[in-house]
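The analysis underlying the following values was restricted to heavy atoms, covering all of them including side chains, and did not include hydrogens, waters or symmetry mates.
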Amino acid sequence: MPNSSTLLVFAHRDEATAFADVPHLVTGVGKINAAVSLAEALAARDPKLETASGVERVVVLGTAGVVGEGQHRLDLNTVYQVTGAVQHDFSLPSPELRLAGPVILPEHTTTIATGDVFVKDDAQRAHIHELGAALVDMETYAFASVCERFGVPLQVFKIPSDFADSSTTDEEWDTIVFRKSEQLRAFWGDHLS
């Protein structure tokens with residue numbers, strides 16, 4: 001880790017396989033698991049420090065589905081920095097959250113849509129893209145909400161694993177995720193450590 005004040009977070013343990021030697025938190029999949037686990041970690045306060053548990057920033061690494069088409073379709077082998085998050089499965093008005101961490105990939109920033117479903121449907125993907133998102137996952141909005149409440153800067157970096165369409169399967173992700181973890185580790189070494 002760059003320093004002890006950075007909390008490295010993954011949603012799924014398979015996304016973290018290339019980081020066995022790096023201290024990190026695995027929250028579990030979905031908005032509730034993400035929110036509860038991250039809030040628990042940040043609430044573990046050190047009385048000698050001003051910040052939550054001494055954490056000065058949270059860095060999330062993981063995979064996401066691509067929901068854009070044409071010129072908005074992101075590349076499967078590029079790491080993107082998420083700068084905005086929306087919810088795609090919430091029926092009430094839900095504001096876009098802007099992530100407060102520094103932007104280090106200005107040429108590769110994007111907005112992500114979060115929902116408690118693994119998206120693999122063409123109509124759903126098109127609806128999510130209409131919300132202004134180019135990527136979809138199951139945790140980022142929760143991470144952003146928790147960090148905003150704790151006043152901790154958040155940086156989220158996602159590498160696409162699939163196109164979130166009708167050809168996508170759970171089994172495909174289960175196979176690809178290990179290669180994506182290696183790609184994230186290379187990105188970590190080049191940009192964050």
Side-chain angles (χ1 to χ4, degrees), residues 9-12 14-15 26-39 58-101 103 105-149 154-177 179-181 183-184 187:
V9 176
F10 297 89
H12 195 286
D14 290 349
E15 293 172 325
V26 176
T27 64
V29 174
K31 291 188 286 187
I32 291 175
N33 289 328
V36 170
S37 294
L38 182 57
V58 172
V59 173
V60 175
L61 298 177
T63 59
V66 173
V67 293
E69 287 293 335
Q71 68 181 16
H72 303 288
R73 191 170 207 172
L74 301 183
D75 178 68
L76 293 179
N77 289 306
T78 300
V79 174
Y80 295 92
Q81 183 168 5
V82 175
T83 54
V86 297
Q87 293 187 87
H88 69 80
D89 66 345
F90 197 69
S91 61
L92 299 174
S94 179
E96 178 177 348
L97 298 179
R98 304 302 301 169
L99 281 60
V103 175
L105 299 176
E107 69 285 1
H108 295 296
T109 61
T110 192
T111 296
I112 198 164
T114 298
D116 279 322
V117 62
F118 186 76
V119 176
K120 49 188 174 185
D121 175 86
D122 295 328
Q124 190 176 29
R125 180 182 40 99
H127 164 71
I128 294 167
H129 181 62
E130 289 172 5
L131 297 174
L135 291 174
V136 63
D137 78 346
M138 297 174 69
E139 300 83 21
T140 297
Y141 196 92
F143 292 143
S145 181
V146 169
C147 285
E148 183 178 82
R149 289 184 188 209
L154 170 66
Q155 292 175 297
V156 175
F157 301 96
K158 293 285 189 169
I159 187 159
S161 55
D162 56 77
F163 289 112
D165 58 16
S166 59
S167 69
T168 303
T169 65
D170 296 342
E171 294 78 20
E172 178 183 35
W173 185 87
D174 289 342
T175 302
I176 292 170
V177 68
R179 181 168 46 90
K180 295 302 177 177
S181 182
Q183 289 174 299
L184 288 168
F187 171 80

Is there a side chain to side chain contact (heavy atoms under 4.5 Å, CB included) between Gln183 and Asn77 once you walk through the steps?
CA-CA 8 Å; Gln183 289 174 299; Asn77 289 306; 3.0 Å; yes
Identify the two heavy atoms, one from Glu15 and one from Leu61, that lie closest to each other, and give their separation to 0.1 Å.
OE1-O, 4.3 Å
Could you measure the distance from the OG1 atom of Thr63 to the CG atom of Asp137? Nearest 0.5 Å is fine.
8.0 Å
Which heavy atom of Val66 sits nearest a heavy atom of Ala164, and at what distance?
O-CB, 3.6 Å
Checking Gln81 against Lys158: is there a side-chain donor and acceptor pair closer than 3.5 Å?
no
Under the criterion side chain to side chain contact (heavy atoms under 4.5 Å, CB included), I'd like the reasoning laid out for Thr83 against Arg98: C-alpha separation, chi angles, the key distance, then a yes or no.
CA-CA 6 Å; Thr83 54; Arg98 304 302 301 169; 3.5 Å; yes
Please check this pair: side chain of Tyr141 against backbone of Leu97, looking for a donor-acceptor N/O pair closer than 3.5 Å.
no
Are the side chains of Val59 and Val9 in contact, using a 4.5 Å heavy-atom criterion?
no
Apply side chain to side chain contact (heavy atoms under 4.5 Å, CB included) to Thr110 and Leu74, showing your working.
CA-CA 9 Å; Thr110 192; Leu74 301 183; 4.1 Å; yes
So, for Phe143 and Ala34, which heavy atoms are closest and what is the spacing to 0.1 Å?
CE2-CB, 3.4 Å
Can you give me the closest heavy-atom contact between Ala85 and Thr111, atom names plus distance?
N-CG2, 4.3 Å
Quick one, Lys31 with Asp89, criterion salt bridge (charged side-chain N to carboxylate O under 4.0 Å, His left out). Give me CA distance, side-chain angles, the key distance, then yes/no.
CA-CA 11 Å; Lys31 291 188 286 187; Asp89 66 345; 2.8 Å; yes
Using a 4.5 Å cut-off on heavy atoms from C-beta on, say whether the side chain of Val117 contacts that of Gln124.
yes
In terms of heavy-atom contacts, Ile176 and Ser161 come closest through CD1-O, 3.5 Å
For Lys180 and Gly62, indicate whether the former's side chain and the latter's backbone hold a donor-acceptor pair under 3.5 Å.
no
Euclidean distance, Ile112 CD1 relative to Met138 CE, rounded to 0.5 Å:
11.5 Å
Please tabulate, one pair per line, all N/O donor-acceptor pairs under 3.5 Å involving side-chain atoms of residues 126-136, not counting sequence neighbours.
{"from": "His129", "atom 1": "ND1", "to": "Ala133", "atom 2": "O", "distance (Å)": "3.0"}

Stepwise side chain to side chain contact (heavy atoms under 4.5 Å, CB included) test for Leu154 and Val60
CA-CA 8 Å; Leu154 170 66; Val60 175; 3.8 Å; yes
Can you confirm whether or not the ring centre of Phe187 sits under 6.0 Å from the ring centre of Phe157?
yes
Under the side chain to side chain contact (heavy atoms under 4.5 Å, CB included) test against His88, which residue among Asp116, Thr114, Val119 passes?
Val119
Exam field: side chain Ser37 to backbone Asn33, donor-acceptor pair closer than 3.5 Å
yes
Close side-chain approach of Leu38 to Val58, heavy-atom, < 4.5 Å
yes
Return yes when atom CZ of Arg149 has more than 12 non-hydrogen atoms of other residues, nucleotides or ligands closer than 6.0 Å, and no otherwise.
no
Reported CG-to-CD1 distance for the pair Leu184 and Ile159, which is rounded to 0.5 angstrom:
5.5 Å
Is the terminal nitrogen or CZ of Arg125 (NZ for Lys, CZ for Arg) located under 6.0 angstrom from the six-membered ring centre of Phe163 and within 45° of that ring's axis?
no
Are Tyr80 and Val82 side-chain neighbours, meaning at least one heavy-atom pair lies under 4.5 Å?
no
Taking all heavy atoms of Thr27 and all of Ala11, pick out the closest pair and write down the distance.
OG1-CA, 3.5 Å
Determine whether more than 12 heavy atoms belonging to other residues, nucleotides or ligands lie under 6.0 Å from atom CG of Leu76.
yes
With Thr109, which residues qualify under side-chain hydrogen bond (donor to acceptor under 3.5 Å, both in side chains), at least two apart?
none
